[in-house]
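One structure is given below, encoded as structure tokens.
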Amino acid sequence: MAKGPTDTLTPATRLVTGGRRKEWTGPAVNPPVWRASTILYEDMAALTDGPKTNADGAFFYGRRGAPTQWALAEALTALEVGAAGTMLYPSGVAAIAGALLAVLRPGEVLLMTDNAYDPSRALAHGLLREFGIETRFFDPLDVAGFAAAICQRSRAVLLESPGSLTMEVQDVPALAAIARKRGLVSIIDNTWASPLGFAALEHGVDIAVMSLTKHVGGHSDLMMGCASGGHEYYRKLRHTAQMLGQTVSPDDAALALRGLRTLGVRLERETDSALAIAEWLASRPEVAQVLCPMLPGAPGHALWSRDFTGGCGLFSFILKGGDAALRNRFIDALRLFGIGYSWGGFESLVVPVDPAPIRSVTPWPPAGMDEGDRFGVRLSIGLEDPADLIADLEQAFAALASS
Ligand SMILES: *Cc1c(COP(=O)(O)O)cnc(C)c1O
């Protein structure tokens with residue numbers, strides 16, 4: 001329901017109302033889990049007409065979904081201002097791949113921000129290259145450098161802001177405007193902010209991608225991704241996803257819908273906690289730099305304040321000096337932070353940050369940072385009491401000092 005009375009509602013309310021069409025929910029609050037592969041037709045006339053309406057809401061065959069998936073897609077579309085529709089994918093990586101394959105063809109060039117999520121880079125170096133699509137990386141913070149990197153064959157650009165490891169905030173409106181003017185399709189991995197924190201299409205981006213595994217799922221128990229766009233790009237996304245046979249299970253769609261309803265309060269709480277913890281870390285002698293765009297004075301804060309309406313619990317920090325072994329001892333000493341990939345769940349997580357080997361055009365540590373300060377830690381702040389999390393970090397620093 002991209003149009004209609006929901007347009008006037010605020011995002012907080014759309015989180016609650018989105019996708020809850022009576023014909024999908026019945027008398028219940030939530031749509032039931034419609035387990036369906038076969039859809040039965042009344043008669044031959046209905047069977048013949050069936051495939052003609054290729055849209056969410058029209059029954060055809062399980063691969064095109066049923067009300068549980070349609071409700072989730074519609075609720076996500078309602079959040080993404082400017083979107084005509086949303087495609088669901090079995091993971092965030094599948095959503096990125098789906099978006100890139102929807103717009104790129106052999107012989108064309110993809111420009112990719114150098115802070116992109118590692119599997120996005122792997123796709124570029126792997127399947128895309130094998131299909132004759134070349135990828136050129138650019139400095140996430142260099143708008144003029146991006147413009148200069150565009151060539152005749154450039155067709156699309158993949159942005160990620162903030163970068164999910166190193167937290168660079170890109171000037172997305174400027175980059176998207178250049179892309180549009182030069183005939184490139186702009187795609188953003190908007191997983192960090194979600195549409196609640198950054199209205200990607202309103203800022204000029206063509207396709208907004210999100211890993212629903214993170215904030216939307218929110219409970220570390222499902223994998224899913226989505227991509228939203230205006231009419232032209234939604235049509236391309238849909239066409240490509242259907243050719244690739246992308247579907248999500250109704251059980252997972254129901255879980256994602258459940259997560260979506262509380263997304264706003266969880267993000268607010270995680271943002272407040274992350275900010276308190278980031279401030280505390282910034283005051284510690286063991287910390288060289290806090291990479292948290294929400295923190296005043298931190299890299300990217302000015303652009304974040306200008307363009308974003310919210311944050312989340314994910315940020316990184318760099319230890320002063322030391323080596324990988326010291327950093328690893330620090331992580332091992334933490335008790336409340338689980339060591340594991342992913343983020344955006346109700347529970348706090350930690351992983352090491354070592355971007356140097358994967359960068360193509362930007363050095364790590366970046367200019368202005370001490371060469372010895374290169375060992376990073378990424379925290380995903382969950383819903384625990386931030387005082388307990390700070391106490392945990394404090395005892396881990398103390399354990400380092402005494403080791
Ligand atoms: C996790 C992640 C993805 C991929 O999502 P999956 O659902 O794990 O496939 C994409 N982009 C970013 C920034 C991520 O952190």
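Both counts, for ligands and for their atoms, begin at 1 and track the order of listing. Below, all heavy atoms of this structure are taken into account, side chains as well, without hydrogens, waters or symmetry copies. Counting begins at 1 with the first residue of the sequence.
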The reported gap from CH2 in Trp24 to CH2 in Trp70 (rounded to nearest 0.5 angstrom) is 7.0 Å
Given side chains that start at C-beta, do those of Ser220 and Glu347 come closer than 4.5 Å, heavy atoms only?
yes
Would Thr213 count as being in polar contact with ligand 1, using the rule that some N or O on each side must be under 3.5 angstrom apart?
yes
Atom 5 (O) of ligand 1: nearest protein contact (heavy atom, Å):
Ser211 OG, 2.9 Å
Please state which option from Val93, Thr191, Asp189 has its nearest heavy atom closest to atom 11 (N) of ligand 1.
Asp189
For Trp343, the atoms of ligand 1 under 4.0 Å from one of its heavy atoms are 15 (O)
Take Asp114 and Arg121, measure what salt bridge (Lys or Arg N to Asp or Glu O under 4.0 Å) needs, and give me the verdict at the end.
CA-CA 9 Å; Asp114 203 26; Arg121 306 175 66 99; 3.0 Å; yes
Which atom pairs, one a donor and one an acceptor, fall under 3.5 Å between side chains of residues 172-185 and the rest of the protein, sequence neighbours left out?
unit_1	atom_1	unit_2	atom_2	d
Arg180	NH2	Gly204	O	3.0
Arg180	NH2	Asp206	OD1	2.6

Which bit of Ser91 gets closer than 4.0 Å to ligand 1, counting heavy atoms only: side chain, backbone, both or neither?
both
Atom 6 (P) of ligand 1: the protein heavy-atom neighbour that sits closest, reported with distance to 0.1 Å:
Gly92 N, 3.3 Å
Just need the protein heavy atom nearest to atom 15 (O) of ligand 1, so name the residue and atom and give the distance.
Lys214 NZ, 2.7 Å
Would you kindly specify which portion of Ile96 sits under 4.0 Å from ligand 1, judged on non-hydrogen atoms: side chain, backbone, both or neither?
side chain
Derivation and outcome, ring-ring contact (aromatic ring centres under 6.0 Å, His included), residues Phe198 and Trp304
CA-CA 9 Å; Phe198 182 68; Trp304 182 81; over 10 Å; no
Can you confirm whether Arg153 is buried at CZ, in the sense that more than 12 heavy atoms of other residues, nucleotides or ligands lie under 6.0 Å from that atom?
yes
Any side-chain donor-acceptor pair under 3.5 Å between Arg359 and Thr166?
yes
Side chain or backbone, does Met223 bring an N or O within less than 3.5 Å of an N or O on ligand 1?
no
Taking atom types as modelled, find out whether Glu160 and Ser164 have a side-chain donor-acceptor pair closer than 3.5 angstrom.
yes
Heavy atom to atom 4 (C) of ligand 1, shortest distance: which of Tyr341, Tyr117, Trp192 holds it?
Tyr117
Which of the ligand 1 atoms, numbered from 1, are nearer than 4.0 Å to a heavy atom of Ser164:
13 (C)
